[in-house]
Asks: 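Here it is: the structure, laid out below.
Computed from a predicted structure; not experimentally measured. The sequence lines fix the lettering, A, B, ..., with proteins before strands; numbering per chain opens at 1.
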2 protein chains.
Amino acid sequence: MSRRTDKRAKLIRAAEDLNYQQGFRPTTLADIAQDAGVPLGNVYYYFKTKEDIGKAVISKRDEEINAFFVKLEEIIDPAVRIRAYIESNISDPEAIARYGCPIGGLCQELGKEGGILADQAAKLLHDIIKWTGKQFVALGISQEAAEEYALSLVSRIQGMNLLTLTFKDPSIATRQTQTIINWLESVVGNKVPAAQLAKEELAEAAY
Amino acid sequence: MSRRTDKRAKLIRAAEDLNYQQGFRPTTLADIAQDAGVPLGNVYYYFKTKEDIGKAVISKRDEEINAFFVKLEEIIDPAVRIRAYIESNISDPEAIARYGCPIGGLCQELGKEGGILADQAAKLLHDIIKWTGKQFVALGISQEAAEEYALSLVSRIQGMNLLTLTFKDPSIATRQTQTIINWLESVVGNKVPAAQLAKEELAEAAY
DNA sequence: GTCTATATACAGATAGAC
DNA sequence: GTCTATCTGTATATAGAC
């Protein structure tokens, strides 16, 4: 792996963390450069603008999400897949209490601005809803109902993440997650056990 | 009403709109001054800092919300009150598609920063959840269950608002609102009609 | 490819005449 | 109370030596 990709990757990683913790706008290129251990002026060798770093960050996250969904296909029961996704959201409840949802935060902040970055952020949620809808369809639910369920599910996760951040209370996330799982079971009509895949394995694959 | 309160009110109103449309940080004092028709330097006669304007904006909204809840007490059936609140959220679905939820946006943006403004924004959602919980209790639901329902309800509204913004699709808000009302009916055990109060009256009172 | 120095723009905030 | 001019800090972005 060349030096080029190495430094570039470090910058993306630093930007990823800072954008999540502080938001996209409040994060400065100086912040990113410092965290990545790269002099400020050198950043522009790898990225023409700040927006370009944002694009790279979101693209990377998009790939990770879709890779995670591929990983979840190893689970046979689509309902269990959905549950695994729901639980992956709270792999770190304390982080949600501090910084909220990495995806929801982006969509909220960038959604008002419009532009390419907003569209890219929207694609993240779009992919999640689409995948979730597919799982409901695989359970024998009609296309129309599946889409509504998927929208409801992602909506509830996002709302729960926002409340967890707002009240800085991780237990909101853990309790609401259980409520959402109960809802899932009522939708599919029977109990939905946790995935058999090792938790560590899922956490590692989680985006 | 003195000139002082007049200009001060204009500044708050301008800040309110701009903070909602652009977010708190991206909105500049120059923006606010211009929209209010006040020279930039004069802003500091009314507010010592930008944060002070933010505090005034959130305080005003908090008062409006609580005044709205008082207004809703005119409705006899608590379940109908809750429905009226749910529907008040989408009095302007197009605005949600453009700018999201005025309260959720603040909590998301300020929640990461911490500080007094974040606490004040959190109080908005806190008041809403508290009021909603009281209505469920008035329906004969246990305190514990009522609190969970209130959290679920506000969570779903917030998530729905975020998705509406993200995909810039007002129909997400209208459709999900119906889903939430269906959920409300399943919780209370029977149909919940829309409020008898004139829609205009409610819309006017809405925060 | 790397890094220092700096240009440029614009934000919040202040000074002081009126 | 009001408004113009300006200070000060800091952000993105560039120039150019190495």
Asks: Could you tell me whether B/K60 and B/E64 make a salt bridge, using a distance below 4.0 angstrom between a side-chain N and a carboxylate O?
Replies: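 Salt bridge between B/K60 and B/E64, a charged N being under 4.0 Å from a carboxylate O: yes.
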Asks: Just the rounded figure in Å: distance from P of D/dA11 to CD1 of A/I53.
Replies: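 Between P of D/dA11 and CD1 of A/I53: 14 Å.
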Asks: How does protein reach along nucleotides 11-18 of chain C, written 5' to 3' as B (base within reach of a heavy atom under 4.0 Å), S (only sugar-phosphate), or - (no contact)?
Replies: SSBB----
Asks: Holding to salt bridge (charged side-chain N to carboxylate O under 4.0 Å, His left out), I want the full list of residues that pass it with B/R25, two or more places apart in sequence or in another chain.
Replies: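 Salt bridge (charged side-chain N to carboxylate O under 4.0 Å, His left out) list for B/R25, sorted by chain: B/E113.
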Asks: When the distance from CG of B/L11 to P of D/dG1 is rounded to whole Å, what number comes out?
Replies: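 Value for this atom pair: 14 Å.
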Asks: Rounded to the nearest angstrom, tell me the gap between atom CG in A/L18 and atom C1' in D/dA11.
Replies: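 The answer, rounded to whole Å, is 15 Å.
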Asks: More than 12 foreign heavy atoms under 6.0 Å from CD of B/Q34: is that the case here?
Replies: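 At most 12 heavy atoms, drawn from other residues, nucleotides or ligands, come within 6.0 Å of this atom.
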Asks: For the backbone of A/Y85 and the side chain of A/N89, can you confirm whether one donor and one acceptor N or O come within less than 3.5 Å of each other?
Replies: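 Side chain of A/N89 to backbone of A/Y85: no pair is present.
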Asks: Rounded to whole angstrom units, what separation is found between the CG atom of A/N42 and the P atom of D/dA13?
Replies: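 After rounding, the gap between these two atoms is 16 Å.
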Asks: With a 4.0 Å cut-off on N to O distance, would you call A/D127 and A/K130 a salt bridge?
Replies: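 No salt bridge links A/D127 with A/K130.
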Asks: When you measure from the side-chain N and O atoms of A/Y45 to the phosphate of C/dT2, is any distance below 4.0 Å, counting only OP1 and OP2?
Replies: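 No, no such contact exists.
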Asks: Identify, with sequence neighbours excluded, every residue that meets salt bridge (charged side-chain N to carboxylate O under 4.0 Å, His left out) alongside A/R61.
Replies: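 Residues passing salt bridge (charged side-chain N to carboxylate O under 4.0 Å, His left out) with A/R61: A/E16.
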